Amino acid sequence: AAAALSLYQDKRIDSAEQVLENFTRLSGFWGGSNDLLLKIYLSGGQYAKAENLIYESKALDTHQFTEKAARIIMARGDNQGALNMLMAHRPEFLSNQDYYTLLASLHYKTGDFNRSVYWYRQLLSVDHQSARLWLGLAVSLDNLNQVDDALQAFSYVRLHANNQPAIKHYINERQLA
């Protein structure tokens with residue numbers, strides 16, 4: 001799994017995909033390797049492989065399966081369909097933060113910025129130092145024209161965006177705007 005991650009980070013996607021496919025065949029559980037393989041499949045438009053990966057997993061509970069399936073639907077361009085799927089199967093909040101992060105993101109992508117803000121704030125109440133969550137909150141607030149709150153959230157993104165120059169550049173542009 002570590003070798004595959006290194007290959008992926010070195011932009012050797014095909015090699016990483018092969019290593020991960022071999023590893024996940026041997027493994028009986030869902031873990032970070034499966035998540036990375038799903039990400040590779042979705043970024044490459046390999047939706048059938050992504051679907052097979054989640055359908056063949058014996059370790060995903062209903063909510064994990066729903067979250068992964070929603071990611072596939074979203075990758076196919078149906079944000080509303082993915083949102084509808086997540087809204088129909090909402091699990092307990094504290095132990096399913098990836099689920100709710102995706103839910104907040106989909107609310108944003110479908111233009112429901114108020115619901116997006118709500119979920120990002122809920123998530124930040126649990127993980128206050130996540131630059132990704134702060135960024136989601138900031139852009140949602142920005143779209144609601146809540147300028148002061150958005151600027152404050154962008155400041156938190158900058159504070160927690162450790163060595164992520166692309167995020168810091170984006171923040172600078174939004175704050176200037």
Side-chain angles (χ1 to χ4, degrees), residues 8-9 30 32 34-47 50-51 53-54 60-177:
Y8 181 77
Q9 290 170 337
W30 188 280
N34 301 74
D35 283 329
L36 180 57
L37 185 56
L38 182 63
K39 181 178 182 177
I40 290 170
Y41 286 159
L42 295 179
S43 67
Q46 300 177 65
Y47 306 125
E51 289 170 347
L53 181 65
I54 66 169
L60 293 174
D61 67 27
T62 303
H63 302 301
Q64 291 169 320
F65 180 87
T66 301
E67 182 235 328
K68 308 302 182 208
R71 289 186 185 282
I72 295 169
I73 292 169
M74 186 175 75
R76 289 185 176 204
D78 184 5
N79 291 332
Q80 188 62 54
L83 179 59
N84 292 344
M85 175 179 273
L86 290 177
M87 291 298 291
H89 298 281
R90 296 209 336 239
E92 189 270 324
F93 178 75
L94 288 177
S95 59
N96 294 282
Q97 291 177 15
D98 287 344
Y99 191 98
Y100 285 95
T101 301
L102 181 58
L103 182 66
S105 172
L106 282 165
H107 277 297
Y108 174 82
K109 289 179 181 201
T110 58
D112 189 349
F113 305 119
N114 285 314
R115 295 300 297 165
S116 180
V117 165
Y118 171 81
W119 285 114
Y120 279 120
R121 284 189 171 144
Q122 294 299 309
L123 289 158
L124 284 164
S125 72
V126 176
D127 183 5
H128 193 70
Q129 295 184 353
S130 170
R132 189 171 121 208
L133 296 176
W134 279 112
L135 183 59
L137 178 63
V139 296
S140 297
L141 290 166
D142 195 19
N143 277 284
L144 289 170
N145 292 320
Q146 295 181 13
V147 178
D148 292 338
D149 290 339
L151 287 172
Q152 184 178 3
F154 279 124
S155 295
Y156 281 110
V157 176
R158 181 187 317 281
L159 179 67
H160 298 295
N162 304 327
N163 300 320
Q164 298 178 30
I167 290 177
K168 289 183 179 183
H169 178 72
Y170 175 78
I171 295 165
N172 290 337
E173 287 182 358
R174 291 308 308 146
Q175 286 180 321
L176 287 174

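Keep in mind that this is a model prediction, so the values were computed, not measured. All heavy atoms count here, side chains included; hydrogens, waters and symmetry mates do not.
Scanning both residues, Lys68 and Leu60, for their nearest heavy atoms gives CG-CD1, 4.3 Å. Among all heavy-atom pairs drawn from Leu144 and Val117, the shortest one is CD1-CG2, 3.8 Å. In terms of heavy-atom proximity, Thr110 sits nearest to Leu83 at OG1-CD2, 3.6 Å. Smallest separation of non-hydrogen atoms from Ser140 and Tyr108: OG-CD1, 3.5 Å. Shortest non-hydrogen contact noted between Arg121 and Leu137 is CG-CD1, 3.9 Å. Minimum heavy-atom separation, His89 to Met85: CD2-O, 3.2 Å.
No side-chain donor-acceptor contact under 3.5 Å links Ser116 to the backbone of Asp112. Without hydrogens or angle criteria, Trp134 side chain to Tyr120 main chain gives no donor-acceptor distance under 3.5 Å. Looking at Thr101, its side chain does come within 3.5 Å of a backbone N or O of Gln97 through a donor-acceptor pair. When atom types are taken as modelled, the side chain of Glu173 and the backbone of Tyr170 share no donor-acceptor pair closer than 3.5 angstrom. Remark: the backbone N or O of Glu92 is paired with a side-chain donor or acceptor of Asn96 at under 3.5 angstrom. Here the side chain of Tyr100 pairs a donor or acceptor atom with the backbone of Pro91 at under 3.5 angstrom. A donor-acceptor pair under 3.5 Å links the side-chain atoms of Tyr47 to the main chain of Ala75, judged by distance alone.
Between Asp148 and Leu141 the shortest side-chain heavy-atom distance does not fall below 4.5 Å. The closest side-chain heavy-atom distance from Leu102 to Met74 is below 4.5 Å. For the pair Leu135/Tyr156, no side-chain contact is recorded, criterion being any heavy-atom separation below 4.5 Å from C-beta on.
For the atom pair Leu37 CG and Ile54 CD1, the distance stands at 12.0 Å (nearest 0.5 Å). Of the inter-residue distances, the one linking Asn34 atom CG with Lys39 atom NZ reads 14.5 Å to the nearest 0.5 angstrom. To the nearest 0.5 angstrom, Ile72 atom CD1 is 12.0 Å from Gln46 atom CD. Interatomic distance, Asp35 CG to Gln64 CD, rounded to the nearest 0.5 Å: 9.0 Å. Here the straight-line distance linking atom CD of Glu51 with atom CG of Leu38 works out to 10.5 Å at 0.5 Å rounding. Between atom CG of residue Leu36 and atom OG of residue Ser43 there is a gap of 9.0 Å, rounded to the nearest 0.5 Å.
Ring geometry for His63 versus Tyr99: interplanar angle over 60°, hence perpendicular rather than tilted (30 to 60°).
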(request) Before giving the answer on side chain to side chain contact (heavy atoms under 4.5 Å, CB included), spell out for His107 and Met87 the whole-Å C-alpha distance, their side-chain angles and the decisive distance to 0.1 Å. (result) CA-CA 10 Å; His107 277 297; Met87 291 298 291; 3.8 Å; yes
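Within a 6.0 Å sphere centred on CZ of Arg115, other residues, nucleotides and ligands contribute more than 12 heavy atoms.
Asn84 and Gln80 are linked by a side-chain donor-acceptor pair at a separation below 3.5 angstrom, with hydrogens and angles left out of the test.
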